[in-house]
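First the structure, in the form of C-alpha cells, and then the observations on it.
Numbering of ligands and ligand atoms starts at 1, following listing order.
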Amino acid sequence: MTERIYLDNAATTPILPEVIDIMTDVMMHDFGNPSSIHAHGRKARTIIENARKIMAKAINASISEIFFTSSATESNNLVIKNSVFHNGIRRIISSPIEHHCVLHTIQYLEKYHNVDVLWLEVDNKGFINLEQLEHELSKNNVATLVSIMHANNEIGTLQDIYQIGHICQKYGALFHSDTVQTIGKWPIDVQSIPIHFLSASAHKLHGPKGVGFVYINSDTVLPPFIHGGSQERNMRAGTENVIGIAGFAKAMEMSVIHMESRKNHILELKSLFKSELKEKINAVDFLGSDDINTSSYHIQNVSFPHSEKSEMLVINLDIAGISVSSGSACTSGIEQESHVLKGIGHDVSRNSVRFSFSHLNTKEDIKVVVQKLVDML
Ligand code: PLP
C-alpha cells in the first residue's frame, strides 16, 4: 500500500521518534508522582522542572511564569474566565476569527456574566483593525482584556502581536494571545512584547496530545482554575502529565533548534504548491495574507470555484490517500461555512480547503497532491 500524505498539520502533527523515545523512557522508568518526596517522586519532579525551563527559554520568560495544563483550550479558558471572575475585567475585545475555545468562552461570559464584548472588524485577509482597537480602548477606561490570536489556524494570517501589545499597554488593558499555531514556529519573545498571557499546545509541534501550557506574566496574578492539590504552584491542581510534559519539552526543544531550517523547507513547499496550483488549475484563489512575513508558512487555505467536484474535494482527497481539512466546520454531516471564512467575507459560492504542512512533507508530496487535484477537478 502506498503511504498516505498528511497535509493537516494545523490540526495536529505526527509525533517525532525522538519525542516517542523520551516518553517511552519516562513511562518505563519514571512513574513516580512528582508530588512525592521520595526519590521516585523527585525524579519525576525533575523532568517537569526541566521541561518548564525549556518552555520558559523558548519564549524568553521566567520559569515561574509557565504553568502546564491539559491543552491550549484549558489555558485559554483559564486566562479569559479568571480575568473576568477574579481580575475585575468587565470588557473583552477580541476578533470573530478566533479559535472556538476563545470564541465560545467569550460568548459564554457575555451571556452569563454580563461582560461587555466587542468583536473587532477583520479585513478580507484576516487582519484585525488596529485603529479600531486603539479607538475603542481610548474611549473609556473600563477594565479590559484584549484576546487576539497570533496565527489564525484556518487561513494562517499573522496578527502583529507586538503592536497590539503596545496599544494595550498604552491604555492599561490586559493582553492575551492564543499562540498555538506559532509557538516553536516563529520566535516569540515575551520580554519585547507587552503581553500578559499566552497559550501553547504540544500536539501542534510534533509533541503529544493532552498537554499545553499557559504563560502568565509575573506582574499579573490569577487564581487557580482547577482546584485541588498544590500542583503547578497552586495554579493548576491535578497530578501532572509527566509523560506528556517530557514529550512536550523534547518537541519544543527540537522546534526551537530547527526553527529556521524547518521554516525554510516548509516555505519552499508552500511556494511550490502555490505556483503549481496557479499553473495547473483555473481560478484558484489563496486565502489569507500573501506576504510571507504576515502569514504563517505552514498553512495555505485554497479556494476553488464552485462545482460539484470541488464540493467533495476533502472527501475525494481522503479517498485518494491525502489527509486535509475543509475550511468549513462540519456539523451533523452538513458542510457549513466556517466562522473564520465568514469573518473575512469569503465568497460562499466557492469551496475552500486548508492544506497545512510540516518539515516532514516533501516536494514529492506536493507534486502528488497537485496532480490528484488536477485529476479531480
Ligand atoms: N487555538 C488554536 C489556534 C488551535 O489551532 C487549537 C487547536 O486546534 C487550539 C487553540 C486548541 O488546542 P488544544 O487542542 O491543545 O486544546
I'd like to check which ligand 1 atoms, numbered from 1 as shown, lie under 4.0 Å from a non-hydrogen atom of [X].
{"X": "Met149", "result": "3 (C)"}
{"X": "Ser201", "result": "13 (P), 15 (O)"}
{"X": "Asp178", "result": "1 (N), 2 (C), 3 (C), 10 (C)"}

Out of Ala72, Ala202, Ser199, who gets a non-hydrogen atom closest to atom 12 (O) of ligand 1?
Ala72
Among Lys209, His99, Glu74, whose heavy atom sits nearest atom 6 (C) of ligand 1?
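Looking at heavy atoms only, the winner is His99.
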Decide yes or no for His150 and Leu158: does some side-chain heavy atom of the first lie under 4.5 Å from some side-chain heavy atom of the second?
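Yes, their side chains come closer than 4.5 Å.
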Below 4.0 Å, non-hydrogen atoms only: which portion of Thr73 touches ligand 1? Side chain, backbone, both or neither.
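Answer for Thr73: both.
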Please write down residue, atom name and distance for the protein heavy atom closest to atom 5 (O) of ligand 1.
Gln181 NE2, 2.9 Å
Looking only at protein heavy atoms, which one is nearest to atom 14 (O) of ligand 1, and what is the separation?
His203 NE2, 2.8 Å
Does an N or O anywhere in Lys204 fall below 3.5 Å from an N or O of ligand 1?
yes
Evaluate whether atom CG of Asp375 has more than 12 neighbouring non-hydrogen atoms of other residues, nucleotides or ligands under 6.0 angstrom away.
yes
Quick check: are there more than 12 heavy atoms from other residues, nucleotides or ligands sitting under 6.0 Å from CD of Glu131?
no
Contact check, Cys101 vs ligand 1, heavy-atom distance below 4.0 Å
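Per 4.0 Å heavy-atom rule, Cys101 contacts ligand 1.
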Looking only at side chains, do Ser289 and Thr294 share a donor and an acceptor under 3.5 Å apart?
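Checked: Ser289/Thr294 side chains pair up, N/O donor to acceptor below 3.5 Å.
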Result of checking Lys363, Lys274, Lys263, Arg262 against Glu268 for salt bridge (Lys or Arg N to Asp or Glu O under 4.0 Å)
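Considering Lys363, Lys274, Lys263, Arg262, a salt bridge (Lys or Arg N to Asp or Glu O under 4.0 Å) with Glu268 is found only for Lys363.
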Between Phe357 and His265, ring centroids under 6.0 Å
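No.
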Is the terminal nitrogen or CZ of Lys81 (NZ for Lys, CZ for Arg) located under 6.0 angstrom from the six-membered ring centre of Tyr108 and within 45° of that ring's axis?
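Yes; both conditions hold, so Lys81 lies above the ring face of Tyr108.
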